[in-house]
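As structure tokens, the structure follows; a few thoughts come after it.
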There are 2 protein chains.
Amino acid sequence: MTYIVLEWGDDTDGTAMATRDGKGADLRRSLTLLWEGGARGQRGPRPRLTVERIAHAAVEIADADGLEALSMQRIAAELGYSTMSIYNHIPSKDLLLEVVADVAAGRPPELGGETDFREAVRRWAGALWAGFQARPWLLRVPLDHAPVGPNQLAWLDRLLQPLLAAGLVGGEARAAALHLTAVVRGTAQISADMSTARGTDGEFPRDGVELARALAEVVDPDGYPALAAVHAAEIAGDDLGHRRPDGVLPAELSFGVDRFLDGVESWTAARTSRDG
Amino acid sequence: MTYIVLEWGDDTDGTAMATRDGKGADLRRSLTLLWEGGARGQRGPRPRLTVERIAHAAVEIADADGLEALSMQRIAAELGYSTMSIYNHIPSKDLLLEVVADVAAGRPPELGGETDFREAVRRWAGALWAGFQARPWLLRVPLDHAPVGPNQLAWLDRLLQPLLAAGLVGGEARAAALHLTAVVRGTAQISADMSTARGTDGEFPRDGVELARALAEVVDPDGYPALAAVHAAEIAGDDLGHRRPDGVLPAELSFGVDRFLDGVESWTAARTSRDG
DNA sequence: CTAAAACTATGTACGTCATACGTTTATTAT
DNA sequence: ATAATAAACGTATGACGTACATAGTTTTAG
């Protein structure tokens with residue numbers, strides 16, 4: 001897997017690429033950067049720096065010190081080059097981050113032997129979850145568009161397989177894949193620090209319990225009746241909150257994913273019985 | 001709804017608040033900042049700046065020029081104060097962003113008259129989706145922990161109501177709410193620029209079609225069999241891809257949400273028939 | 001074999017950012 | 001009146017992304 005910049009032009013056009021939040025989410029631009037072109041330049045010195053080396057250094061930095069420590073200067077220093085040399089290989093930090101995110105994602109899990117589509121999906125989600133646990137900084141890489149990197153696409157492809165096998169047709173499978181990706185990402189994002197944080201009074205923080213307690217100190221429960229009810233159940237210790245992870249999926253993910261898969265299953269079942 | 005800083009201390013403790021990605025996701029700290037305390041300082045000049053004024057100015061800036069234009073200097077300039085005056089009211093930009101996100105979220109939709117829990121959830125999701133369309137920069141505000149702001153909690157509470165009404169118990173309802181929030185957020189994030197971007201060859205970009213085409217130019221389909229199959233269906237124009245939004249929910253969200261609600265429904269149905 | 005073309009790397013410089021710190025100014029409790 | 005206290009300001013610092021001009025190196029055309 002090599003990442004080579006084919007060309008990225010002069011941006012002289014610059015008309016419409018400021019999309020309200022700037023940072024030009026130019027798909028074509030990302031694609032040319034992310035995909036290998038093999039053939040390298042013809043004349044001139046053989047490049048000693050490459051996009052790949054840069055990206056790997058960046059991943060190491062982020063792994064070690066988090067995303068906010070990932071600066072162009074730091075990368076250059078780590079590799080023993082001047083800051084500006086980086087820009088001979090990458091047009092901007094935004095695009096670098098795209099490459100870095102793809103490299104850091106790594107290859108998707110092997111689900112080969114799995115015949116039960118539900119179990120395959122659950123294992124896929126578990127692997128993604130584990131990935132976010134291992135590299136929490138990935139959750140903070142700004143998302144500009146649908147995945148286009150080789151690894152990101154591989155993850156997507158792996159998920160689509162069991163979904164198609166389950167009987168979903170093209171657009172449905174895509175929607176389901178997006179759905180599942182979003183759920184894992186979102187859940188990881190929200191429970192990221194809750195799992196690592198220790199309770200302020202030394203107590204062990206189990207899922208939402210700590211949060212519920214903290215909120216209870218400050219928030220008027222009358223304004224949030226449903227929330228108060230849920231919190232009460234949670235503090236009392238209901239069936240879901242304290243359940244241990246059942247295999248690869250953490251409890252807070254498991255329920256939602258399973259309900260979704262239930263829905264998918266009955267959807268495809270209904271179609272088969274409908275169409276014959 | 002007023003936001004008042006009660007106190008934010010000296011951070012002399014500073015032991016454990018560097019959570020690998022820094023930016024101290026200190027829950028207590030956020031809570032004291034986000035929730036109104038009423039009683040203002042006793043001595044000294046009456047503050048002319050307030051957290052509220054600052055937050056509202058910030059929202060205006062982000063609305064106008066995107067999140068990357070939102071700097072402390074810009075806020076101060078907009079309000080006619082010196083940059084550092086802001087720090088008399090907000091301890092850091094990170095915390096400011098939390099307040100800003102809550103203010104920008106606004107009040108949740110009224111679902112009062114809705115008896116069908118599915119329709120209530122769908123309307124809630126549609127409203128959240130619309131919110132992200134109106135303020136795409138909200139998707140880029142870094143998420144540090146579960147929602148704790150008054151508006152964010154109000155949104156959560158509104159969603160929990162129909163979920164509890166549907167028969168989910170405490171922890172399940174919480175998981176389902178997290179699930180739905182994540183799905184809307186994630187879908188909005190990924191289809192954000194796809195909906196606003198024009199096709200590069202002047203053609204209208206319909207959902208994933210443009211992306212599928214662009215990828216097809218570069219990616220070897222053999223490496224991604226399932227993906228290629230889905231893309232082929234999408235370009236050909238399958239049942240889902242070109243469907244118009246059915247009401248408040250866009251097509252790419254609708255399928256996933258509906259399957260999830262199917263699953264929830266059969267889950268609670270199974271419980272009632274089980275427990276009597 | 002040479003010379004120029006093509007490309008890589010570097011150094012300097014600029015504008016912007018968040019924010020630490022010390023000073024001044026306005027207000028209120030005594 | 002006066003002391004206490006908080007609010008606002010000015011200045012300064014170090015880090016950031018990156019524009020731009022320059023210097024250096026290697027391949028290929030003649």
Side-chain angles (χ1 to χ4, degrees), chain A residues 4-12 14 22-24 37 39-54 57-58 61-62 65-98 100 142, chain B residues 4-12 14 22-24 37 39-54 57-58 61-62 65-98 100 142:
Chain A
I4 296 207
V5 184
L6 298 184
E7 56 168 355
W8 58 72
D10 238 352
D11 199 5
T12 36
K23 299 314 158 113
R40 66 154 230 90
Q42 302 72 5
R43 297 258 241 270
R46 204 176 326 278
R48 306 183 305 235
L49 266 181
T50 65
V51 178
E52 282 212 301
R53 287 184 63 200
I54 293 170
I61 292 167
D65 298 326
L67 195 62
E68 89 278 4
L70 183 61
S71 70
M72 301 307 257
Q73 9 259 327
R74 173 83 184 269
I75 297 172
E78 214 85 23
L79 288 167
Y81 288 81
S82 78
T83 303
M84 291 312 289
S85 298
I86 308 290
Y87 284 96
N88 284 312
H89 306 268
I90 305 261
S92 77
K93 192 184 182 184
D94 286 314
L95 283 177
L96 170 63
L97 280 180
E98 268 191 67
V100 167
Chain B
I4 296 208
V5 185
L6 297 184
E7 57 168 354
W8 59 72
D10 237 353
D11 200 4
T12 35
K23 300 312 159 109
R40 66 157 227 91
Q42 303 71 4
R43 296 261 242 267
R46 202 175 330 275
R48 305 184 304 238
L49 266 182
T50 65
V51 178
E52 282 212 303
R53 285 185 63 200
I54 294 170
I61 292 167
D65 298 325
L67 195 63
E68 90 280 2
L70 184 61
S71 71
M72 300 307 256
Q73 6 261 329
R74 174 81 184 272
I75 297 173
E78 214 84 23
L79 289 167
Y81 287 83
S82 80
T83 303
M84 292 312 290
S85 297
I86 308 290
Y87 284 95
N88 284 311
H89 305 268
I90 305 262
S92 77
K93 193 185 181 184
D94 286 313
L95 253 40
L96 169 63
L97 280 180
E98 269 191 68
V100 168

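A note on names: the letters A, B, ... follow the listed sequences, proteins ahead of strands, and every chain is numbered from 1.
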Is A:His89 near enough to C:dA9 that one of its side-chain N or O atoms lies under 4.0 angstrom from OP1 or OP2?
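So the side chain of A:His89 is within the cut-off, an N or O lying under 4.0 Å from OP1 or OP2 of C:dA9.
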
Closest contact, heavy atoms only, [X] versus [Y]:
{"X": "B:Pro91", "Y": "B:Leu95", "value": "CG-CD2, 3.4 Å"}
{"X": "A:Ala58", "Y": "A:Val100", "value": "CB-CG2, 3.6 Å"}
{"X": "B:Ala57", "Y": "B:Ile75", "value": "CB-CG2, 4.4 Å"}
{"X": "B:Met72", "Y": "B:Lys93", "value": "SD-CG, 4.0 Å"}
{"X": "B:Leu97", "Y": "B:Pro142", "value": "CD1-CD, 4.2 Å"}

Rounded to the nearest angstrom, tell me the gap between atom [atom1] in [X] and atom [atom2] in [N].
{"X": "B:Ile86", "N": "C:dA20", "atom1": "CD1", "atom2": "C1'", "answer": "16 Å"}
{"X": "B:Leu95", "N": "C:dT19", "atom1": "CG", "atom2": "C1'", "answer": "14 Å"}
{"X": "A:Ile90", "N": "C:dT8", "atom1": "CD1", "atom2": "C1'", "answer": "15 Å"}
{"X": "B:Leu79", "N": "D:dA8", "atom1": "CG", "atom2": "P", "answer": "11 Å"}

Between B:Leu49 and B:Asn88, is a side chain to side chain contact (heavy atoms under 4.5 Å, CB included) present by the stated rule, with each step listed?
CA-CA 9 Å; B:Leu49 266 182; B:Asn88 284 311; over 6 Å; no

Quantified as the angle between the terminal helix axes (five pairs each), what is the overall bend of the helix from C:dC1-D:dG30 to C:dT30-D:dA1 to 10 degrees?
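Inter-axis angle at the ends, rounded: 10°.
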
Please tabulate, one pair per line, all N/O donor-acceptor pairs under 3.5 Å involving side-chain atoms of residues 77-85 of chain B, not counting sequence neighbours.
residue	atom	partner	partner atom	Å
B:Glu78	OE1	B:Arg74	NE	3.0
B:Ser82	OG	B:Ser85	OG	3.0

For nucleotides 9-19 of chain D, just jot down a letter per nucleotide in 5' to 3' order: B, S or -, based on protein non-hydrogen atoms under 4.0 Å.
BBB----SBBB

